[in-house]
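Reminder, nothing fancy here: chain letters follow the sequence lines and each chain counts from 1. All of these numbers come straight from a predicted model, not from anything done at the bench.
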Amino acid sequence: MKIPPVKGTRDFYPPQMAVRNFLSDGWKAVSLRNGFVEYDGPIFEYLRMYQVKSGDEIVEQLFHLTDRGGRELAIRPEITPTLARMINQQINALPRPIKWFSMPRLCRAERPQKGRLREFFQWNIDIVGVDDVLADAEVIFCTLDYLRSVGLSSSDIIAKISSRKLLAALLEHVGVPHDKLDGLYPILDKKAKLPGEAFVEMVAGVVESSQAVDKLLALMEVHSAGQIKDIVPDIAANDIAQAALDEVHQVFDLLEAMGVGDYCRFDMSIVRGLAYYTGIVFEVHDAVGDLRAVCGGGRYDNLLRDFGGPSVPATGMGMGDCVLEILLRDRGLLTEGMFKRKMDYFVACADSNLRPKAMEIVARLRQSGAATEFSYKSANLGKQLKAADACGARHCLIIGQEYSTDKKLVLKEMASGTQSLVNESNFLEKSAFIQ
RNA sequence: GUGGAAGUAGCUCAGUCGGUUAGAGCACCAGAUUGUGGAUCUGGGGGUCGGGGGUUCGAGUCCCCUCUUCCACCCCA
């Protein structure tokens, strides 16, 4: 009986695994050089852990199960609750600042579509315990540091940055009642996807004052922090709004100083779904805008408290592998050559009587650290050289009549085709393996 | 969960009006070539035509159901 792969999953054959490793190796390297340390948690948690912030609707989007002890569990759809749980458990013992990264495998029981599968990997970086906007800027910098390192330029991607705090203050300032805010965020978040009229209609459905709606709509069109004064001239009189605006300016100044200003743009329409975020928020999109967000993040100062811990500020980012891979492929940044197998040596045995000697040399090369391969077939040298080429060997050692008569090995450099005779003991002893 | 499109070899696809034993390219294996690789030529293996049911003398082809994939919606932590 033939059993198919499960909907929304991927099989990682060696070529796909090479791509996956390329992504995660990059994530890891950039995390480490930005001062983050790696952590991970269990692949499942109590189901209720995911209901804390998102309610019961989320249960339908989760793979959940009941174990034999009657515990309601769920495969993790995100790692932030696990992060919150782990940090809360040791909050007083962890050295500050807490800068952690992870690359968890996550599952969500959603319908697969472009850039979204039911099983995926997501790079997460979080800074916990720092309320300074320096941390927000660092998270954004680290994100761009990675994206830049894989070859994406400011003409390929754009980091859209806003502030939840600023948005809330301005909305209230222009007359949106405080209790309408949570209902408004999901609508504002959809602005880019809705036709203009439908968006206005939805906003008007929540906000009664037409004057407030007009101001709100004007604010959503703002694409630089400096323009806000044009729409809200008396912003300086509002301490909260002014403070939030100052933070935004600071973040942009920092990102400019760190050399990634080209990638960054203020965009009031970046809201990020639910009432999760409390300060700076951002998303990275492809410049053309035909893919879903490459990543998203922001400040969430209440989350640890909501998970039963002390009130500790935090800011972070999550980046999935699916959209990223589509984007990199689209821009020609994933090429065959990047993933070609590379071996240092191929040992060809041209005389089956010398097979034990060939295997001894293979073993010694491997022990010395040289990636070494050989063929199970003896004698047919043409086949073996073909195999050497296929595995990407830089050098081929031929063991044949020269060995039988003079204890010499033929060392062939594959790229140039040039070959030379080397003395077996010299070659192996001086470990002058050309790698 | 809703809607649209598509499933033929490992991959990309052809397959006429329903008619004999389902094809091509690429990939893979082998030979040409028993001491010299990437090229070329020749040959070979590989198919539940996604699955099930129906119509028919006869179904890859027509009808129904189902599964999967892709695209859009809902949602997006």
Considering every strand and a 4.0 Å limit on heavy-atom distances, what is the contact class for [X]: base, sugar-phosphate, or nothing?
X	value
Lys412(A)	base
Lys193(A)	base
Gln419(A)	base
Leu106(A)	nothing
Gly8(A)	sugar-phosphate
Glu402(A)	base
Gly417(A)	base

Which nucleotide, in any strand shown, forms a Watson-Crick or G-U wobble pair with [N], with both distances under 3.5 Å?
N	answer
G19(B)	C57(B)
G3(B)	C71(B)
C49(B)	none
G10(B)	C26(B)
G35(B)	none

| query | So is Arg265(A) actually on top of Phe282(A)'s ring, under 6.0 Å and inside 45° of the axis? | reply |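 Pair Arg265(A)/Phe282(A) does not count as cation-pi.
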| request: I would like to know whether Phe101(A) and Val30(A) meet side-chain contact (heavy atoms from CB on, under 4.5 Å); could you show each step before the answer? | output: CA-CA 10 Å; Phe101(A) 82 97; Val30(A) 170; over 6 Å; no
How far does the [atom1] atom of [N] sit from the matching atom of [M], given to the nearest Å?
N	M	atom1	value
C71(B)	C65(B)	P	25 Å
U20(B)	U34(B)	P	44 Å
C63(B)	U55(B)	P	15 Å
G10(B)	G45(B)	P	15 Å
U16(B)	U8(B)	P	16 Å
C75(B)	C28(B)	C1'	43 Å
U36(B)	C70(B)	P	49 Å
G60(B)	G23(B)	C1'	12 Å

[X] [atom1] to [N] [atom2]: how many Å, rounded?
X	N	atom1	atom2	answer
Asn353(A)	U34(B)	CG	P	18 Å
Lys386(A)	U36(B)	NZ	C1'	13 Å
Asp351(A)	U36(B)	CG	P	15 Å
Gln384(A)	U34(B)	CD	P	13 Å
Arg118(A)	C75(B)	CZ	P	18 Å
Arg10(A)	U69(B)	CZ	C1'	15 Å
Gln113(A)	U69(B)	CD	P	13 Å
Lys114(A)	U69(B)	NZ	C1'	15 Å

| request: Would you please confirm or rule out a distance under 4.0 Å between OP1 or OP2 of C74(B) and any side-chain N or O of Lys190(A)? | output: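 No.
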| request: Check whether any side-chain nitrogen or oxygen of Arg272(A) sits under 4.0 Å from OP1 or OP2 of A77(B), and answer yes or no. | output: yes
Nearest to the side chain of [X], which nucleotide is it out of [options]?
X	options	value
Lys377(A)	U69(B), C75(B), A30(B)	A30(B)
Pro112(A)	A77(B), C70(B), U36(B)	C70(B)
Lys7(A)	A77(B), U69(B), G31(B)	U69(B)

| said: If you assign each of Asp389(A) and Ala350(A) to its closest nucleotide in RNA chain B, which residue comes earlier from the 5' end? | reply: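 Nearer the 5' end of the strand: Ala350(A).
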| Of Pro5(A) and Asp290(A), whose nearest nucleotide on RNA chain B comes first from the 5' end? | Pro5(A)
| query | Atom CG of Asp344(A) and atom NE2 of His395(A): how far apart are they, to the nearest 0.5 Å? | reply | 7.5 Å
| request: Enter the distance from Ile127(A):CD1 to Ile98(A):CD1 here, rounded to the nearest 0.5 Å. | output: 11.0 Å
| Any N or O donor-acceptor pair linking the side chain of Arg111(A) to the base of C75(B) at under 3.5 Å? | no
| Counting N and O atoms only, with roles assigned by atom type, does the side chain of Arg76(A) sit under 3.5 Å from a partner on the main chain of Arg105(A), one being a donor and the other an acceptor? |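 Present.
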| said: For Tyr403(A) and Lys357(A), which I'm curious about, is there any donor-acceptor pair between the side chains at under 3.5 Å? | reply: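 Judged by distance alone, the side chains do pair up.
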| task | Count the heavy atoms belonging to other residues, nucleotides or ligands that lie under 6.0 Å from NZ of Lys340(A), then report whether that count exceeds 12. | result | yes
| task | Check whether more than 12 heavy atoms from other residues, nucleotides or ligands sit under 6.0 Å from atom CZ of Phe44(A), and answer yes or no. | result | no
